[in-house]
Amino acid sequence: MDRVGKLASQKAVVIFSKSSCCMCHAIKRLFYEQGVSPMVHELDEDSRGREMEWALMRLGCNPAVPAVFIGGKFVGSANNVMTLQLNGSLKKMLKDAGALWL
C-alpha cells in the first residue's frame, strides 16, 4: 500500500495499468490525447505488480486496473474517469494538479 501511495504522488497523473488490458489502453489514450503525459506503471511488468494490484483493490478499485491518480489522489478506474470526462470535471482536475496548462 505504501509503494502505491509513493508512486501515485510522483507525478500529476499516475496510471496503474496492465499491458494486455484494453480498458487501460483506452484510458492512457484519453490522457495522451488531451496533452497529458501520465506516469504509467505496468503491473504485469513489475516484480511487485501483484502486491500493488492487491493494494489497489483494497483502495476500492475493482478490477484493479486501470487505476488513476490525479494530484496524488485516487480518482478511480475507467468508469470513474470516463464519467469525469463526460461531465467536464476531468479537465479541471488535470489543470488543478498541474497536468494541463491550457
Side-chain angles (χ1 to χ4, degrees):
M1 194 76 129
D2 290 339
R3 184 158 194 244
V4 168
K6 188 175 184 179
L7 293 172
S9 63
Q10 287 183 339
K11 198 163 181 191
V13 177
V14 177
I15 302 171
F16 290 91
S17 173
K18 285 189 178 179
S19 58
S20 60
C21 170
C22 63
M23 288 308 295
C24 294
H25 176 74
I27 292 300
K28 289 184 280 190
R29 291 285 305 167
L30 173 71
F31 285 102
Y32 290 134
E33 289 175 2
Q34 293 190 55
V36 174
S37 180
M39 177 179 281
V40 177
H41 295 284
E42 300 290 355
L43 299 184
D44 56 338
E45 297 173 2
D46 189 305
S47 62
R48 295 176 65 192
R50 196 74 168 130
E51 175 187 325
M52 289 189 288
E53 190 172 347
W54 282 107
L56 291 167
M57 290 179 82
R58 284 194 302 272
L59 279 174
C61 201
N62 191 14
V65 294
V68 177
F69 291 77
I70 299 176
K73 295 183 180 123
F74 178 58
V75 173
S77 61
N79 189 37
N80 302 73
V81 173
M82 292 308 293
T83 299
L84 292 169
Q85 171 68 5
L86 292 172
N87 72 24
S89 304
L90 184 60
K91 190 163 275 195
K92 181 180 181 339
M93 289 177 77
L94 293 171
K95 286 180 184 175
D96 291 346
L100 279 179
W101 294 276
L102 302 173

- Starting at NZ of Lys18, measure out to CG of Leu43 and round the result to the nearest 0.5 Å. 7.0 Å

- Message: Once you measure the plane-to-plane angle for Phe16 and Phe69, does it fall in the parallel (<30°), tilted (30-60°) or perpendicular (>60°) bin?
- Response: perpendicular

- Keeping the roles fixed (side chain from Glu42, backbone from Ser19), state whether a donor-acceptor pair exists under 3.5 Å. yes

- Query: Is there a side-chain contact between Leu90 and Ile70 (heavy atoms, below 4.5 Å)?
  - Reply: yes

- Yes or no on side-chain contact (heavy atoms from CB on, under 4.5 Å) for Val68 and Asn80, after CA distance, side-chain angles and deciding distance? CA-CA 9 Å; Val68 177; Asn80 302 73; over 6 Å; no

- Do you know which two heavy atoms are closest between Ala8 and Val14, and how far apart they sit? O-CG2, 3.4 Å

- Item | Shared hydrophobic cluster, Ile27 / Met93 (ILVMFWY, side-chain heavy atoms < 4.5 Å) | yes

- In one Ile/Leu/Val/Met/Phe/Trp/Tyr side-chain cluster, 4.5 Å: Leu84, Met23: no

- Do Val75 and Val65 sit in the same hydrophobic cluster, where Ile, Leu, Val, Met, Phe, Trp and Tyr count as joined when their side-chain heavy atoms come under 4.5 Å apart? no

- Between Leu59 and Ile15, is there a shared hydrophobic cluster once you connect ILVMFWY residues whose side-chain heavy atoms come closer than 4.5 Å? no

- Determine the minimum heavy-atom distance between Gly98 and Ala12, stating which atoms define it. C-CB, 4.2 Å

- Task: Would you give the length of the straight line joining atom CD of Glu45 to atom OG of Ser20, rounded to the nearest 0.5 angstrom?
- Result: 9.5 Å

- Where Lys6 and Gln10 come nearest, the two heavy atoms and their spacing: O-CG, 3.3 Å

- Query: Nearest heavy-atom pair of Ser37 and Lys11: which atoms, and what distance?
  - Reply: O-NZ, 2.7 Å

- Side-chain donor-acceptor contact under 3.5 Å, Ser77 with Asn79: no

- Note on the structure: Tightest non-hydrogen contact, residues Ser17 and Val40, listed as CB-CG1, 4.1 Å

- Message: Measuring only between side-chain heavy atoms, which start at C-beta, is His41 closer than 4.5 Å to Val4?
- Response: no

- Message: Other residues, nucleotides and ligands only: do more than 12 of their heavy atoms fall within 6.0 Å of NZ on Lys28?
- Response: yes

- Query: What's the verdict on salt bridge (charged side-chain N to carboxylate O under 4.0 Å, His left out) for Arg3 and Asp46, showing C-alpha distance, side-chain angles and the deciding distance?
  - Reply: CA-CA 12 Å; Arg3 184 158 194 244; Asp46 189 305; 3.3 Å; yes

- Intermediate values then yes/no, side-chain contact (heavy atoms from CB on, under 4.5 Å), Leu7 and Met39: CA-CA 9 Å; Leu7 293 172; Met39 177 179 281; 5.5 Å; no

- What closest approach, in Å, do Val81 and Gly76 show between heavy atoms, and which atom pair accounts for it? CG2-O, 4.4 Å

- What's the spacing between Asn87 CG and Ser89 OG if we round to 0.5 Å? 3.5 Å

